[in-house]
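What follows is a set of notes on a single structure, which appears directly below.
Only this structure's heavy atoms are used, side chains among them; waters, hydrogens and symmetry mates stay out. Please read all numbers here as calculations on a predicted model, not as lab measurements.
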Amino acid sequence: YLSVGTDLKWTGSRDDAVGLQVMESIRTKQWGIAWVALSVALGFHVADEATTDFLPLYNSIVGAIRESQPWVPLPTFTFSAWLTGLIVGVLILLLLSPLVFAGNRVFRPIAYFLGVLMTLNALAHLGGSIYLGELAPGALSSPVLLVAALVLIVTTRRAGNSAASG
């Protein structure tokens with residue numbers, strides 16, 4: 001273990017140090033796997049939305065909000081712009097995954113943000129289904145997205161704790 005005084009000094013055995021490094025490596029790998037899992041789940045969610053007419057519903061909701069609250073800056077999208085933007089976003093997440101697997105600390109707040117955002121997204125689709133009394137567009141993939149988002153949050157925290165203790 002580390003003793004904290006005027007300076008940090010390792011007082012554990014060499015085996016303890018190796019064990020901490022192994023644990024940190026495992027937790028970082030789990031974080032990377034969770035990042036990729038969320039990216040793939042988001043890709044399936046986008047496909048689910050695209051094939052169940054999510055965008056017309058979204059655009060009509062935004063139109064109603066703009067009518068009653070014109071100051072709210074919510075965008076509407078054409079199908080091609082919306083789908084292209086989401087596909088590019090998912091591909092960027094996947095391309096960044098080696099940096100997460102490397103344990104790059106810059107991605108911790110990004111991972112927390114994505115985890116919370118995707119949790120809210122999944123819950124909104126599931127809540128919309130309850131409200132509508134039928135499956136809302138995008139609801140079929142929402143449970144998978146929800147689990148992937150929560151796992152990303154947990155593994156991000158564990159990877160951060162591991163690095164802080166190591």
Side-chain angles (χ1 to χ4, degrees), residues 24-163:
E24 184 174 343
S25 175
I26 290 169
R27 288 183 173 174
T28 300
K29 182 180 265 187
Q30 290 171 339
W31 181 36
I33 291 168
W35 179 279
V36 170
L38 178 76
S39 302
V40 171
L42 181 56
F44 282 123
H45 186 65
V46 169
D48 182 15
E49 289 179 334
T51 58
T52 57
D53 292 329
F54 167 77
L55 191 59
L57 176 63
Y58 167 83
N59 282 338
S60 68
I61 291 170
V62 167
I65 292 171
R66 281 182 177 173
E67 209 170 281
S68 65
Q69 308 292 327
W71 53 270
V72 177
L74 293 173
T76 57
F77 299 98
T78 63
F79 183 78
S80 61
W82 171 78
L83 187 58
T84 300
L86 289 173
I87 290 170
V88 168
V90 169
L91 290 175
I92 288 170
L93 290 175
L94 289 169
L95 289 171
L96 292 172
S97 62
L99 298 172
V100 177
F101 274 104
N104 190 320
R105 293 174 185 239
V106 170
F107 288 93
R108 285 195 196 122
I110 296 168
Y112 280 124
F113 175 77
L114 283 173
V116 169
L117 184 64
M118 293 302 110
T119 297
L120 294 174
N121 183 351
L123 292 174
H125 284 280
L126 296 172
S129 295
I130 293 168
Y131 178 78
L132 294 172
E134 61 184 51
L135 281 179
L140 286 176
S141 60
S142 290
V144 174
L145 185 63
L146 179 61
V147 169
L150 294 173
V151 169
L152 181 63
I153 292 168
V154 169
T155 58
T156 301
R157 180 162 173 77
R158 285 183 182 164
N161 286 344
S162 177

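- Of the possible polar contacts, one joining the Ser60 side chain to the Leu57 backbone as a donor-acceptor pair under 3.5 Å is found.
- The two residues Ser129 and Ala139 come nearest to each other via the heavy atoms OG-CB, 3.2 Å.
- Once rounded to the nearest 0.5 Å, the distance linking CG of Leu123 with CG of Leu145 reads 9.5 Å.
- Rounding to the nearest 0.5 Å places CD of Gln30 at 10.5 Å from CZ of Phe101.
- Side-chain atoms of Tyr58 and Glu49, non-hydrogen and from C-beta on, never get closer than 4.5 Å to each other.
- To the nearest 0.5 angstrom, Asp53 atom CG is 8.5 Å from Phe79 atom CZ.
- For Glu67, the CD atom counts as loosely surrounded, since its 6.0 Å shell holds 12 or fewer non-hydrogen atoms of other residues, nucleotides or ligands.
- The distance from atom CH2 of Trp31 to atom CD1 of Ile153, rounded to the nearest 0.5 Å, is 13.5 Å.
- Taking the side chain as every heavy atom from C-beta outward, Pro75 and Val62 never approach each other to under 4.5 Å.
- Between Gly128 and Ala136, the shortest heavy-atom contact is C-CB, 4.1 Å.
- Shortest non-hydrogen contact noted between Ala50 and Leu83 is CB-CD1, 4.2 Å.
- Counting heavy atoms from C-beta outward, Leu140 and Leu135 have side chains that approach closer than 4.5 Å.
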Could you walk me through whether Ile61 and Ile65 satisfy the side-chain contact (heavy atoms from CB on, under 4.5 Å) test, starting with their C-alpha distance in whole Å, then the side-chain angles of each, then the deciding distance to 0.1 Å, before giving a yes or no? CA-CA 6 Å; Ile61 291 170; Ile65 292 171; 3.9 Å; yes
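- Between Val100 and Gly32, the shortest heavy-atom contact is CG1-CA, 3.8 Å.
- Without hydrogens or angle criteria, Arg108 side chain to Thr156 main chain gives no donor-acceptor distance under 3.5 Å.
- For the pair Thr28 (side chain) and Ser25 (backbone), a donor-acceptor distance under 3.5 Å is absent.
- Side chain of Ser97 to main chain of Leu93: no donor-acceptor pair is present (N/O by atom type, distance under 3.5 Å, no hydrogens or angles).
- Put simply, the side chain of Leu96 does not reach to within 4.5 Å of the side chain of Ile110, judged on heavy atoms.
- Leu55 contributes atom CG, which lies 8.5 Å from atom OG1 of Thr76 (distance to the nearest 0.5 angstrom).
- Annotation: the span from Leu150 atom CG to Leu38 atom CG amounts to 10.0 Å, rounded to 0.5 Å.
- The closest donor-acceptor contact from the side chain of Ser39 to the backbone of Val90 lies at 3.5 Å or more, if one exists at all.
- Contact of the Asp48 side chain with the Phe44 side chain is not registered, since no non-hydrogen atoms from C-beta on lie closer than 4.5 Å.
- Here the closest non-hydrogen pair linking Gly115 and Ala149 is O-CB, 3.4 Å.
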Full working for side-chain contact (heavy atoms from CB on, under 4.5 Å) between Leu114 and Leu42: CA-CA 10 Å; Leu114 283 173; Leu42 181 56; 6.0 Å; no
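- Side-chain rings of Trp35 and Phe107 approach one another, their centers coming within less than 6.0 Å.
- Annotation: side chain of His45 is in contact with side chain of His125 (closest heavy-atom distance under 4.5 Å).
- Counting only heavy atoms from C-beta outward, the side chains of Ile87 and Leu91 approach each other to under 4.5 Å.
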